[in-house]
> 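Please find one structure pasted underneath; my questions will follow.
This is a predicted model, so every value here is computed, not measured. Lettering of chains follows the sequences in order, A, B, ..., and the numbering in each one begins at 1.
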Number of protein chains: 2
Amino acid sequence: MEEHNGPQSASSTRELRLLAHGAPPPERADAARNRRRILDAAARLFAEHGVDEVSMDAVARAAEVGKGTLFRRFGDRAGLAAALLDERERELQAAILSGPPPLGPGAPADARLRAFVSAYLRYLLGHLDLVHTSETASPGARYRIGAYRFWHRHVQLLLAEARSAGAPGASRTEGDASRAEGEGDGARGAGFDAHALLASLGAEHVRAMLAETTPERLESDLLSLVERMI
Amino acid sequence: MEEHNGPQSASSTRELRLLAHGAPPPERADAARNRRRILDAAARLFAEHGVDEVSMDAVARAAEVGKGTLFRRFGDRAGLAAALLDERERELQAAILSGPPPLGPGAPADARLRAFVSAYLRYLLGHLDLVHTSETASPGARYRIGAYRFWHRHVQLLLAEARSAGAPGASRTEGDASRAEGEGDGARGAGFDAHALLASLGAEHVRAMLAETTPERLESDLLSLVERMI
DNA sequence: GGAGTAACCGGACTATAGTCCGTATCGCTA
DNA sequence: TAGCGATACGGACTATAGTCCGGTTACTCC
């Protein structure tokens with residue numbers, strides 16, 4: 001019931017930390033320890049029995065942690081999968097942001113786009129079940145994940161750039177079915193197309209495709225689609 | 001324990017029925033009655049409270065039917081949704097198979113394709129939640145449903161036809177990124193593209209698109225994509 | 001170094017999808 | 001219309017995702 005000056009000092013400290021560090025590490029030691037435990041246990045169990053065969057209870061038990069802790073930390077099954085993918089994801093993202101061409105900066109946009117599709121497909125095929133879980137275990141999860149926004153933005157920018165580079169002085173080729181609009185249009189069209197391309201790279205979709213074709217064939221078909229989008 | 005000649009007469013009767021009728025109606029009277037009850041109850045509840053707010057238990061209770069009956073009849077939640085969509089779906093399918101152009105036969109393939117995309121989008125927007133449930137309530141459900149196969153085949157055929165019509169004598173325009181293969185290739189490429197187009201027409205994807213654009217804009221973007229696929 | 005507080009912990013609890021199986025019903029045949 | 005096998009019924013049962021909250025613990029500030 002007493003009201004000292006406690007509360008404020010605590011919150012201002014938090015803010016300073018946020019300003020000091022780039023990332024927000026307001027996580028207590030035990031919390032961090034348990035996060036590690038959970039991720040390790042989940043990775044092990046998933047690898048051992050397959051993602052779909054492992055219940056959240058089993059993860060909690062293996063991590064020697066309560067269910068509440070598991071869910072508070074990761075929200076839901078999709079969140080746990082996303083967290084596990086995080087590392088590998090960052091790898092790919094780093095290669096895109098600052099790695100060598102053609103995936104990284106330096107190459108023409110169309111080449112970078114092709115490189116991205118190939119690289120992302122490889123990443124996807126390497127973790128298909130996990131990505132599938134992260135995209136579908138919770139309704140709409142896919143489009144909420146930060147990673148999706150990243151991929152989308154990347155594709156959208158490359159698409160827009162590749163297009164403007166493709167037709168340097170020759171203005172807009174023919175009449176096409178294009179609508180007459182402001183010139184800021186390219187971005188929005190590219191935005192939609194980026195979503196469409198990523199839809200073809202969705203785990204569920206790719207899984208279905210693999211049922212009737214080979215990975216090689218799939219890749220070349222995807223690249224062909226990219227070509228027509230440029 | 002006695003073995004009369006019973007078993008065989010029963011199964012052969014079944015076979016005759018199958019040959020006689022086009023559809024297999026081996027459904028007992030009480031089963032048919034309960035199917036009706038369930039579909040009616042589900043339609044009412046879904047309309048009243050929203051698809052996602054209604055549990056399977058609630059449906060069974062409202063239909064005055066046991067849970068076992070509900071699940072035996074429709075398999076799972078996705079199956080129930082698919083059954084509810086069946087009627088409206090058939091309507092669209094009928095219009096495609098034997099309705100007036102441009103949706104039905106008689107119009108050029110490219111026009112039919114555009115008409116299909118518009119019509120399907122309208123259908124989808126009219127039942128977004130239900131379609132979403134039918135596509136995602138069970139993993140991989142979307143690609144198993146008979147309806148998906150129908151849409152896919154339709155799009156694939158139109159796509160292939162539109163392409164061959166688009167370049168009558170002018171052979172394959174430029175080198176593109178196309179691979180050198182047998183001439184049966186058009187069909188497989190069209191198969192992939194049909195999947196890709198339908199991926200952009202998936203309920204989850206469309207729902208996400210609607211969060212950042214209007215239905216009109218969405219339609220025109222889809223049609224633009226179709227244009228580039230031809 | 002001691003007290004206070006926010007953050008965290010764990011597991012019991014709820015809600016819901018889907019399964020199982022003993023019992024009741026249907027529809028055919030004699 | 002009585003008998004009988006196939007089919008369907010229904011609700012108890014299991015499994016699992018996700019929530020809640022009383023009790024505990026780690027950090028901060030004096």
Side-chain angles (χ1 to χ4, degrees), chain A residues 1-17 24-38 42 51-81 133 136-139 141, chain B residues 1-17 24-38 42 51-81 133 136-139 141:
Chain A
M1 298 213 180
E2 318 87 326
E3 41 174 324
H4 297 283
N5 58 353
Q8 288 192 335
S9 57
S11 67
S12 56
T13 299
R14 167 83 42 80
E15 285 182 5
L16 283 181
R17 272 227 207 91
E27 191 176 61
R28 242 166 59 171
D30 51 349
R33 175 174 50 83
N34 282 336
R35 145 172 285 129
R36 250 317 64 201
R37 271 193 193 174
I38 291 170
V51 177
D52 312 306
E53 300 305 313
V54 178
S55 72
M56 295 298 269
D57 278 278
V59 173
R61 221 176 308 127
E64 302 185 28
V65 149
K67 257 185 104 169
T69 301
L70 173 53
F71 280 95
R72 188 167 351 89
R73 202 60 62 205
F74 300 103
D76 57 16
R77 196 179 172 76
L80 174 59
T133 296
T136 63
S138 153
Chain B
M1 299 211 181
E2 318 86 327
E3 40 174 325
H4 296 283
N5 58 352
Q8 288 193 334
S9 57
S11 67
S12 57
T13 301
R14 166 83 44 77
E15 285 183 5
L16 283 180
R17 272 226 207 92
E27 190 176 60
R28 245 165 58 171
D30 51 348
R33 175 174 50 83
N34 282 336
R35 144 171 286 128
R36 255 299 74 165
R37 273 192 191 173
I38 291 170
V51 177
D52 312 306
E53 300 304 312
V54 178
S55 72
M56 295 298 268
D57 277 279
V59 172
R61 220 177 308 126
E64 302 184 49
V65 148
K67 258 185 105 170
T69 301
L70 173 52
F71 279 95
R72 190 169 348 91
R73 201 61 60 207
F74 299 103
D76 58 16
R77 197 179 171 77
L80 175 59
T133 296
T136 63
S138 152

> Starting at atom CD of A:Glu64, determine the distance to atom P of C:dC8, rounded to an integer number of angstrom.
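From A:Glu64 CD to C:dC8 P: 20 Å.
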
> Round to the nearest Å and state the distance from A:Phe74 atom CZ to C:dC8 atom P.
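Interatomic distance, CZ of A:Phe74 to P of C:dC8: 13 Å.
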
> Name all residues meeting the side chain to side chain contact (heavy atoms under 4.5 Å, CB included) criterion together with B:Arg72; count only those two or more places apart in sequence or in a different chain, and write none if there are none.
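Per chain and number, B:Arg72 pairs via side chain to side chain contact (heavy atoms under 4.5 Å, CB included) with B:Thr69.
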
> Reckon A:Arg73 has a side-chain N or O less than 4.0 Å from the OP1 or OP2 of C:dC9?
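Yes, such a contact exists.
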
> Minimum heavy-atom separation for A:Ala81 and A:Thr133, please, with both atom names.
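Minimum heavy-atom separation between A:Ala81 and A:Thr133: CB-CG2, 3.8 Å.
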
> Can you tell me how far CG of A:Asp52 sits from CZ of A:Arg77, rounded to the nearest 0.5 angstrom?
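Between atom CZ of A:Arg77 and atom CG of A:Asp52 there are 7.0 Å.
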
> Between D:dT25 atom P and A:Glu27 atom CD, what is the distance in whole Å?
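A:Glu27 atom CD is separated from D:dT25 atom P by 19 Å.
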
> Compare side-chain N and O positions of B:Asn34 against OP1 and OP2 of D:dC9 and report whether any pair is under 4.0 Å apart.
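Yes, such a contact exists.
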
> Enter the distance from B:Ile38:CD1 to B:Arg33:CZ here, rounded to the nearest 0.5 Å.
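Rounded to the nearest 0.5 Å, the CD1-CZ separation comes out at 10.5 Å.
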
> Under the salt bridge (charged side-chain N to carboxylate O under 4.0 Å, His left out) rule, what pairs show up with a residue in residues 58-69 of chain A, not counting sequence neighbours?
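Qualifying pairs, neighbours excluded: A:Asp57-A:Lys67.
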
> Summarise protein proximity over nucleotides 16-22 of chain D in one line of letters, 5' to 3': B for base, S for sugar-phosphate only, - for none, counting protein heavy atoms closer than 4.0 Å.
-BBBB--

> Would you kindly give the CZ-to-P distance between B:Arg33 and C:dT25, to the nearest whole Å?
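Computing the B:Arg33:CZ to C:dT25:P distance gives 11 Å.
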
> Check every atom of D:dG10, C:dG27, C:dA7 against the side chain of B:Val65 and return the nucleotide holding the closest atom.
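It is D:dG10.
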
> Within the structure provided, determine whether A:Val65 and A:Arg73 are in side-chain contact (heavy-atom separation under 4.5 Å).
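Sidechains of A:Arg73 and A:Val65: no contact.
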
> Got a donor-acceptor pair under 3.5 Å from the side chain of B:Arg28 to the base of D:dA8?
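Between D:dA8 and B:Arg28, which were checked side chain against base, a qualifying N/O pair under 3.5 Å is absent.
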
> Mind calculating the distance between CG (A:Asp30) and C1' (D:dC27) to the nearest angstrom?
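Going from CG in A:Asp30 over to C1' in D:dC27 covers 10 Å.
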
